[in-house]
There are 2 protein chains.
Amino acid sequence: MVWFGEADGPTTGRGEAEMTTIKDVAARAGVAPSTVSYVLSGSRKISEDTRHAVQAAIEELGYHPRASARTLRSARTRVLALAAPRVPGAYRAIDGRFAIDVTDAARGHGYDVLLMTDSDGVGGLRRVARSRLADAAVLMAVEDRDPRVEVLHELGFPAALLGHDDHAALPWTDLDWEAAVALAVRETVAAGHRRMLFLSSAEHEVAARRGYALHGLDGARRAAAETGADVRVVPSHRDPDVLARRLNEALTARPVATALIVQHLILLPRLLDAVAAAGLRVPHDLTVVLVGSLPDELGTRHLPRIDLPVAEMSTAVARLAIDAIGSGRDDGPPSSQEPAGARASSRPSDAPHHLIQPQLAGPVIAPPPD
Amino acid sequence: MVWFGEADGPTTGRGEAEMTTIKDVAARAGVAPSTVSYVLSGSRKISEDTRHAVQAAIEELGYHPRASARTLRSARTRVLALAAPRVPGAYRAIDGRFAIDVTDAARGHGYDVLLMTDSDGVGGLRRVARSRLADAAVLMAVEDRDPRVEVLHELGFPAALLGHDDHAALPWTDLDWEAAVALAVRETVAAGHRRMLFLSSAEHEVAARRGYALHGLDGARRAAAETGADVRVVPSHRDPDVLARRLNEALTARPVATALIVQHLILLPRLLDAVAAAGLRVPHDLTVVLVGSLPDELGTRHLPRIDLPVAEMSTAVARLAIDAIGSGRDDGPPSSQEPAGARASSRPSDAPHHLIQPQLAGPVIAPPPD
DNA sequence: CTGTTAGCGCATTCAA
DNA sequence: TTGAATGCGCTAACAG
């Protein structure tokens, strides 16, 4: 309560900040608290006069509703939990990128994002879900039989996935990796190349049957068949030395390949070193095309590539997560219009999803030397 | 309420999830709700028997306290708002990196992190602060007369900064840029180099009197004086072409420099291109030392460098923000022990801060050719 | 068109 | 050592 000084204007004092509530606003406007609530929510017809009185009182008192009270009452937090993987010592630039973009996308739907690392395994997600700190979760880098998925399922907590592995029956979004690699091959062929290498995902990713790894291989095979080009698959490896050795063998083998399509980008610098060590200059002697690169990433700017559609995926996954929250609590029509560049997959899946079509970016693909 | 089926075990149903409250636990344990609360908070002595009964009931019902109710009651969210800058079209890898690390650090103090982008300017921060979605804020990339700082000040909202500009009177943490550049120069001299270039921050950063820019220049000057080495400052520029031109001039000037110390890393790939274009190979013809690089970043691995202490800064800023929340609500002693590698600055400042000392990383600095 | 009232789930004061 | 009662701020069901 205020004993002296003007009663209007937001309190500027620190710490002692008297909280102004809906009741204060009601008193000042000479109406009932519920009337203020209705003005705010718009869920009831209010006369012009009272509405203005209430608006004025809100301005004068600098009132803002308390999120915790709303949540307690409505059982909705308007918060999304974003679970980023945290493999100790292995930060991936992609994680931070998605964190930012998903946050932007969620805001577009009126949601905030609570960022969570996987540092304590499944504990954080369980805690957030059970304490109802968020209405739904977005999971990054889901693995086969991911314990986080189990937990969410057990708790009945709504969620959506960034990336897809054909396993979890949860809504998901992903780049169409098959189409992406196929596009890279076709465009490379269109530039005049007849013999090329495809550096696929690392062996352990294929063994784990990761979706992107398998679909990428499928795309290479399909495009090779379609174009009649000679596409040799070089399986990547998480050990940089193994990768360098394999690459060197492939690059020096006869007949010589004039292009290299790369899906396994984590070790790109090492890879380029290996290319240089083989005496090849890019793009003069060898054309390098990237698949799944980060948009605007320094160091890949000068190469033709198919970027990971981070923005589209973020938009889509936010939407999927929010749609999963409650059947009758949507902002609008569930999914009347698909996001641009996305379409429903023809592959079997019982969960909603957005498969995003690849797009070529960067400089044009150089023709082979002659 | 449950009419049929067993009454124990967490509800696995979706959507209809009956929420179990402290009352349910009390009923099942045959005690009063307040007793359950006391068992949870430990703020009162409870007999072994009742405590066990309550614990058992909690387990059986799968009870977990509702965050919104706690917050409404206690006026504490145990959430930190992390404001990441969002210059449209200019995502910086550092932002995502800090987001992850600050989240980890905050969890260490029992706090979660609400990630906010600056996409709607100051609006998001104001909204979060006023709706009491968080207890304090962490601001990244604060600028001179940053509107976010104004808002926080006006609302009396606790905050801490990642980086420092000598302006805002808020707690902050930063790498000691002066010491960092000085260290780079000294170590380069120790490797045998006598003439080197220092590519400082971009001109507009210096003009804006950014702390890191000014302190970096100070460090170069100081180390040059101390070692007697010839350190020529090359001001960087945000335009890559201008940067390339300046660098080329400096690299080809006589007497020739044998080392290049780089603080302006954003355009590193372009910079290395310019070096190569000048016919110089790294490190054979020219030693390149980085200051303020991201830890574990691909593409900088092969260069000697002083990494930005992301982990230490994140730990420190989380601590500072939490300490700023309330004077009587700490987890423990305010700041009895400083984090490793940090120390109070001798520079004037009335706000608490952690200046972090630089550390050399990466390969050893190569000697000059000859 | 607006006011009154009853909780949402929890922590805490006062009684016992 | 424990229980009963109150209210945090807000929304919605029920009156007028």
Side-chain angles (χ1 to χ4, degrees), chain A residues 1 11 17-55 57-58 61-78 129-133 135 326 328-329, chain B residues 1 11 16-55 57-58 61-78 129-133 135 328-329:
Chain A
M1 58 206 92
T11 309
E18 276 303 322
M19 40 177 73
T20 127
T21 80
I22 210 171
K23 253 179 171 164
D24 303 326
V25 176
R28 192 165 224 283
V31 300
S34 59
T35 303
V36 178
S37 175
Y38 287 124
V39 168
L40 255 36
S41 69
S43 65
R44 188 147 117 173
K45 198 99 188 83
I46 298 288
S47 76
E48 278 299 296
D49 291 354
T50 32
R51 229 226 339 267
H52 276 66
V54 167
Q55 298 278 27
I58 287 176
L61 297 179
Y63 166 79
H64 198 99
R66 214 69 88 222
S68 57
R70 290 197 139 160
T71 295
L72 180 59
R73 204 33 243 231
S74 66
R76 311 218 69 73
T77 61
R78 300 235 122 203
R130 304 221 312 177
S131 64
R132 298 286 199 279
L133 265 168
D135 295 334
R329 308 149 163 176
Chain B
M1 58 207 93
T11 310
E16 297 294 324
E18 278 302 323
M19 41 178 74
T20 126
T21 82
I22 209 170
K23 250 179 173 164
D24 303 325
V25 176
R28 191 165 226 284
V31 299
S34 56
T35 304
V36 178
S37 175
Y38 287 125
V39 168
L40 253 38
S41 68
S43 66
R44 190 146 114 172
K45 199 101 188 86
I46 298 288
S47 74
E48 279 298 297
D49 292 353
T50 33
R51 229 228 335 272
H52 276 68
V54 168
Q55 298 277 26
I58 288 176
L61 298 178
Y63 166 80
H64 199 98
R66 217 60 49 127
S68 57
R70 291 198 136 157
T71 295
L72 181 59
R73 218 5 256 224
S74 65
R76 309 218 67 74
T77 62
R78 300 234 122 205
R130 303 223 310 179
S131 64
R132 298 285 199 279
L133 265 169
D135 295 333
R329 308 149 163 177

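Small disclaimer: the values here were computed from a predicted structure and weren't measured. In the text below, chain A, chain B and the rest are named by the order of the sequence lines, each starting its count at 1.
- Atom CD1 of A:I46 is separated from atom P of D:dT11 by 13 Å (rounded to the nearest Å).
- In this structure B:T50 satisfies the side-chain hydrogen bond (donor to acceptor under 3.5 Å, both in side chains) test together with B:S47, sequence neighbours excluded.
- Closest approach to the A:K45 side chain among C:dG3, D:dG3, C:dC1 is made by C:dC1 (side chain taken as heavy atoms from C-beta onward).
- Picking from D:dC10, C:dC10, D:dG3 the nucleotide with the shortest atom distance to the side chain of B:A32 gives D:dG3.
- As judged by a 4.0 angstrom heavy-atom cut-off over every strand, A:V36 is placed among residues making no nucleic acid contact.
- Minimum interatomic distance between A:G62 and B:R130 (heavy atoms only, all atoms of both residues): O-NH1, 3.6 Å.
- Atom pair B:D24:CG and C:dC10:P shows a separation of 9 Å (rounding to whole Å applied).
- Note: B:S37 OG to B:R44 CZ = 9.5 Å, rounded to the nearest 0.5 Å.
- No side-chain heavy atom of B:L133 sits less than 4.5 Å from a side-chain heavy atom of B:T77.
- Annotation: salt bridge (Lys or Arg N to Asp or Glu O under 4.0 Å) contacts of B:R51 (sequence neighbours excluded): B:E48.
- The side chain of A:S34 places no N or O atom within less than 4.0 Å of a non-bridging phosphate oxygen (OP1 or OP2) of C:dG3.
- To the nearest angstrom, C1' of C:dG3 lies 19 Å from CZ of A:R51.
- Counting non-hydrogen atoms under 4.0 angstrom, B:L40 reaches nothing in the nucleic acid.
- Within 4.0 Å of B:P33, counting heavy atoms only, lies no atom of the nucleic acid at all.
- Using a 4.0 Å heavy-atom cutoff across all strands shown, B:T50 reaches sugar-phosphate atoms only and no base atom.
- As judged by a 4.0 angstrom heavy-atom cut-off over every strand, B:S37 is placed among the base-contacting residues.
- To the nearest angstrom, P of C:dC1 lies 15 Å from NE2 of A:H52.
- Counting non-hydrogen atoms under 4.0 angstrom, B:S74 reaches nothing in the nucleic acid.
- Taking the nucleotide of DNA chain D with the nearest heavy atom to each of B:R73 and B:D49, the more 5' of the two is matched to B:D49.
- Taking atom CZ of A:R76 as the reference point, atom C1' of D:dC10 lies 16 Å away to the nearest angstrom.
- Look at CD1 on B:I22: it is 19 Å from P on D:dC8, rounded to the nearest Å.
- Closest non-hydrogen pair, A:P33 versus A:A26, comes out as N-CB, 3.5 Å.
- Heavy atoms only, all atoms of each residue included: B:I22 and B:Y63 are closest at N-CE1, 3.5 Å.
- Applying the 4.0 Å criterion to OP1 and OP2 of D:dT1, one finds that B:S47 has every side-chain N and O outside that range.
- Proximity note for B:R70 (side chain, C-beta onward) versus D:dG3, C:dC10, C:dT2: the nearest is C:dC10.
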What N/O pairs connect the protein and nucleotides 14-16 of chain D at under 3.5 Å? Give each pair on its own line.
{"from": "D:dC14", "atom 1": "N4", "to": "A:R44", "atom 2": "NH1", "distance (Å)": "3.3"}

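- For the pair B:L40/B:I58, a side-chain contact is recorded, criterion being any heavy-atom separation below 4.5 Å from C-beta on.
- Atom CG in A:L72 sits roughly 8 Å away from atom C1' in D:dC10 (whole-Å rounding).
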